K.L.:
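Supplied in structure tokens, the structure appears directly below.
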Amino acid sequence: MLDLATLRASPDTIRLSMARRGLEVPVGRLAATEAEIRELRHEADNLRAAQRSLGREIAGLQGEEKRQAIERATSLAGRIKELNTRAGDLSEQFYREWHTLPNLVDPSAADGLTEDDSQELRRVGETPSFGFEPADHEALGESLDIIDTKRAAKMAGSRFGYLKGKAALLEFALIKWSMDHLVEAGLVPMVTPVLVREMALFGTGFFPGDRQQVYEIPADDLFLAATSEISLAAYHADEILEPEQLPIRYAGFSSCFRREAGTHGKDTGGIFRVHQFDKVEMFSFTRPEDSNEEHERILGLEEKLVGELEIPYRVVNVAAGDLGASAAKKYDIEAWFPSWNAYREITSCSNTTDYQARRLKVRMKAPGGNRLVHTLNGTAVAVGRVIIALLENHQQSDGSVLMPEALHPYLGFDRIDPP
RNA sequence: GGAGAGGUGGCCGAGAGGUCGAAGGCGCUCGCCUGCUAAGCGAGUAGGGGGUUUGUAGCUCCCUCGAGGGUUCAAAUCCCUCCCUCUCCGCCA
């Protein structure tokens with residue numbers, strides 16, 4: 001959610017920022033409505049003040065005097081109700097629109113509207129050249145008998161997968177290995193709830209925009225979280241933090257659930273795009289002035305992890321029009337996938353500035369009044385995609401796959417061989 | 001799932017239609033005082049929004065006593081719905 005003060009003081013800032021996302025926002029109309037709501041509320045407040053002082057008098061009056069005072073108070077009450085009803089209606093209409101507006105875009109976010117407009121910042125690691133035709137992860141998963149999407153489809157439908165044997169062990173190794181790194185970097189490890197209230201989804205900016213992407217449990221008014229970002233962000237909702245506590249950094253592990261509505265026909269094979277996967281996610285609460293630096297720090301941790309896995313990657317600055325609602329700026333790390341002959345997203349980190357903090361009411365004490373903190377999130381390990389990248393990049397001519405050295409102590413094996 | 005008890009400021013806790021954004025205590029902050037410390041004395045100490053102001057401070061108004069509705073001239077207090085916590089029983093990893 002954006003700051004109303006910005007709408008009042010410089011609506012053009014909002015208009016221009018939304019334009020970078022390819023959105024045309026009638027800021028003039030919004031500003032006028034907001035001003036009208038404020039006027040109505042102001043008038044109602046003044047009448048209310050009169051009503052309250054009259055009410056205090058009534059308590060001490062008797063007989064005819066009291067009767068007349070109550071009559072005047074009744075008329076005041078009626079006018080106040082009328083004003084508040086009008087303000088309430090307008091307000092509901094205003095916020096319905098206001099809540100859909102995404103965050104202001106950081107000036108340094110890449111220009112453009114789509115994925116193709118991402119700005120490549122750097123490439124790291126050499127893409128492998130095989131002396132044979134490399135297999136894709138689906139084929140490798142099958143031939144090694146470590147990923148089973150066929151039986152998963154029978155059991156739960158398309159876009160599910162079983163991790164089996166050494167792939168299952170690989171998941172646990174990845175989680176433990178990454179958590180060790182993150183704890184060392186000062187993050188507090190967390191295992192988070194996957195069922196969340198609407199408030200958490202609204203607070204993180206997934207609602208109202210991405211509602212169709214989220215699984216719903218109507219009987220209990222709960223939703224399956226698409227990422228632990230949601231439960232980590234809402235962890236400090238309604239709190240006023242001490243500035244000395246900041247930055248607060250978490251590493252959350254959870255399963256993630258996504259309906260993937262509207263992606264029919266996209267990435268249909270294997271486990272690249274599935275309804276359920278496990279992920280270690282980083283999340284930070286910072287002072288406003290520190291969030292840019294924190295964003296780079298998170299990216300640094302992501303690069304360190306991907307680097308240790310010996311996966312070739314590139315870093316991109318995501319284009320303004322391709323940003324999620326809450327992000328002001330986003331870096332993606334795209335791993336090299338030989339089967340696609342392309343780089344594709346394996347991590348993503350966003351600076352959401354005060355957008356989530358405002359909705360979740362996460363503040364810090366500050367001289368002259370409390371201030372909203374900034375929040376940031378970033379993928380440490382999206383298990384499924386990392387497994388794919390490992391299989392495809394480290395496959396050997398004999399059909400086996402070598403494991404990166406960093407994982408050996410966590411795995412208890414250094415390669416996966418065909419059965 | 002069954003039965004019961006509760007949600008009030010940073011914490012504890014009073015409050016049962018008007019003088020209550022809220023007694024008292026603890027904690028915290030500032031000041032005074034006392035060789036030091038402790039004790040003592042005094043003052044301050046919730047959040048959000050609006051108005052005034054170039055801005056800050058100040059002044060002022062409104063809202064918030066778990067959330068949302070309702071009754072009333074007037075609600076922390078009465079009514080309804082929901083959420084949460086605790087205790088006992090049941091069930092369960």
Side-chain angles (χ1 to χ4, degrees), chain A residues 1-10 30-92 94-96 98-99 191-203 207 216-223 231 234-246 248 253-255 285 288 354-373:
Chain A
M1 185 159 61
L2 301 177
D3 192 354
L4 287 177
T6 312
L7 180 65
R8 283 174 213 148
S10 61
L30 284 169
T33 307
E34 197 275 334
E36 193 181 345
I37 293 165
R38 209 148 22 99
E39 267 170 49
L40 289 169
R41 285 260 148 85
H42 186 56
E43 201 181 336
D45 279 1
N46 287 339
L47 291 179
R48 176 84 177 138
Q51 183 200 26
R52 282 173 55 120
S53 75
L54 185 56
R56 276 190 288 271
E57 279 176 42
I58 287 172
L61 295 178
Q62 292 299 325
E64 180 62 13
E65 271 190 320
K66 182 164 187 166
R67 200 192 57 74
Q68 287 186 359
I70 287 181
E71 207 169 282
R72 271 182 291 145
T74 308
S75 119
L76 276 176
R79 285 164 63 199
I80 291 165
K81 189 160 193 176
E82 198 181 307
L83 285 170
N84 277 334
T85 304
R86 270 167 61 199
D89 289 349
L90 269 183
S91 184
E92 197 184 320
F94 172 81
Y95 277 107
R96 204 170 21 241
W98 188 247
H99 286 155
V191 178
T192 65
V194 293
L195 288 170
V196 301
R197 287 242 176 89
E198 180 160 9
M199 154 266 175
L201 287 155
F202 174 79
F207 282 9
E216 189 171 355
I217 316 288
D220 297 285
D221 276 327
L222 290 167
F223 300 83
S231 41
Y235 185 68
H236 287 299
D238 293 315
E239 292 186 18
I240 299 169
L241 306 167
E242 299 291 338
E244 310 84 66
Q245 295 177 263
L246 299 170
I248 296 175
F253 168 82
S254 82
S255 291
F285 298 84
D354 61 10
Y355 190 85
Q356 296 180 332
R358 181 170 294 107
R359 291 185 177 212
L360 290 165
K361 300 190 181 69
V362 188
R363 292 149 294 172
M364 56 173 256
K365 283 189 184 158
N370 298 325
R371 297 173 66 197
L372 295 167
V373 301

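This is a predicted model, so every value here is computed, not measured. By convention in this document, chain letters (A, B, ...) are assigned in the order of the sequence lines, proteins followed by strands, and residues within each chain are numbered from 1.
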K.L.:
For B:A22, what is the paired nucleotide under Watson-Crick or G-U wobble rules, both distances under 3.5 Å?
P.N.:
none
K.L.:
With the sugar-phosphate defined as primed atoms, P, OP1 and OP2, and the base as all remaining atoms, what B/S/- string results for nucleotides 76-86 of chain B, 5' to 3', for protein heavy atoms under 4.0 Å?
P.N.:
-------SS--
K.L.:
When rounded to the nearest 0.5 angstrom, what distance separates CG in A:Asp354 from CG in A:Leu360?
P.N.:
11.5 Å
K.L.:
Please tell me which of the listed nucleotides, B:C61, B:G48, B:G18, lies nearest to the side chain of A:Ile58?
P.N.:
B:G18
K.L.:
OP1, OP2 of B:C61 versus side-chain N and O of A:Arg52: anything below 4.0 Å?
P.N.:
no
K.L.:
When you measure from the side-chain N and O atoms of A:Asn46 to the phosphate of B:G51, is any distance below 4.0 Å, counting only OP1 and OP2?
P.N.:
no
K.L.:
What is the separation between atom CD on A:Gln51 and atom P on B:G18, rounded to the nearest whole Å?
P.N.:
16 Å
K.L.:
Please state the C1' separation for the pair B:U56 and B:U64 - nearest whole angstrom.
P.N.:
26 Å
K.L.:
Roughly, in whole Å, what's the span from CG in A:Leu372 to C1' in B:G48?
P.N.:
11 Å
K.L.:
Quick check on RNA chain B: between A:Leu4 and A:Asp45, whose nearest nucleotide comes earlier from the 5' end?
P.N.:
A:Leu4
K.L.:
Tell me what A:Arg8 touches on the nucleic acid: a base, only sugar-phosphate, or nothing, going by heavy atoms under 4.0 Å.
P.N.:
sugar-phosphate
K.L.:
Could you tell me the separation between the CD atom of A:Glu39 and the P atom of B:G50, rounded to a whole number of Å?
P.N.:
14 Å
K.L.:
Considering only B:U19, B:U71, B:C61, which nucleotide approaches the side chain of A:Arg56 most closely?
P.N.:
B:U19
K.L.:
Around A:Lys66, counting heavy atoms of other residues, nucleotides and ligands shown, do more than 12 lie under 6.0 Å from its NZ?
P.N.:
yes
K.L.:
Separation of A:Leu47 atom CG from B:U60 atom P, in whole Å?
P.N.:
20 Å
K.L.:
Using a heavy-atom cut-off of 4.0 Å across all strands, would you classify A:Leu54 as base, sugar-phosphate, or nothing?
P.N.:
nothing
K.L.:
Looking at B:G48, I'd like to know if its phosphate oxygens (OP1 or OP2) sit under 4.0 Å from a side-chain N or O belonging to A:Arg363.
P.N.:
yes
K.L.:
Taking the nucleotide of RNA chain B with the closest heavy atom to each, which residue, A:Thr74 or A:Lys365, is nearer the 5' end?
P.N.:
A:Lys365
K.L.:
Classify the nucleic acid contact of A:Glu71 as base, sugar-phosphate or nothing, counting any heavy atom under 4.0 Å across all strands shown.
P.N.:
nothing
K.L.:
I'd like to know if A:Arg67 and A:Glu64 make a salt bridge, using a cut-off of under 4.0 Å between side-chain N and carboxylate O.
P.N.:
yes
K.L.:
Could you tell me how far B:A46 sits from B:U29 if I compare only their C1' atoms? Round to whole Å.
P.N.:
15 Å
K.L.:
Examine the side chains of A:Gln51 and A:Arg48 and answer whether a donor and an acceptor come within less than 3.5 Å of each other.
P.N.:
yes
K.L.:
What does B:G1 pair with, Watson-Crick or G-U, if both distances are under 3.5 Å?
P.N.:
B:C89
K.L.:
For B:C65, give the paired nucleotide (Watson-Crick: N1-N3 plus N6-O4 or O6-N4; G-U: N1-O2 and O6-N3; both under 3.5 Å), or none.
P.N.:
none
K.L.:
Taking CD from A:Glu244 and P from B:C28, how many angstroms apart are they, rounded to a whole number?
P.N.:
15 Å
K.L.:
Do you know which two heavy atoms are closest between A:His236 and A:Phe285, and how far apart they sit?
P.N.:
CD2-CE1, 3.5 Å
K.L.:
CZ of A:Phe94: more than 12 outside heavy atoms within 6.0 angstrom?
P.N.:
yes
K.L.:
Between A:Arg8 (side chain only) and A:Glu34 (backbone N and O only), is there a donor and an acceptor less than 3.5 Å apart?
P.N.:
no
K.L.:
Determine which nucleotide pairs with B:A39, using a 3.5 Å limit on both distances of a Watson-Crick or G-U wobble pair.
P.N.:
none
K.L.:
What is the base-pairing partner of B:A76, counting Watson-Crick and G-U wobble geometry with both distances under 3.5 Å?
P.N.:
none
K.L.:
Counting only Watson-Crick or G-U wobble pairs whose two distances fall under 3.5 Å, which nucleotide matches B:C33?
P.N.:
none
K.L.:
B:A74, B:G50, B:G47: which one has an atom nearest the side-chain heavy atoms of A:Arg38?
P.N.:
B:G50
K.L.:
What is the distance, rounded to the nearest whole Å, between atom CZ of A:Arg358 and atom C1' of B:G48?
P.N.:
13 Å
K.L.:
Are A:Phe207 and A:Phe223 an aromatic pair, judged by ring center distance below 6.0 Å?
P.N.:
yes
K.L.:
What does B:G58 pair with, Watson-Crick or G-U, if both distances are under 3.5 Å?
P.N.:
B:U52
K.L.:
Within the 4.0 Å heavy-atom criterion, would you say A:Arg41 contacts the bases, only the backbone, or no part of the nucleic acid?
P.N.:
nothing
K.L.:
Do other residues, nucleotides or ligands put more than 12 heavy atoms under 6.0 Å from the CD atom of A:Glu92?
P.N.:
no
K.L.:
Between B:U72 and B:G17, how far apart are the C1' atoms? Round to whole Å, please.
P.N.:
9 Å
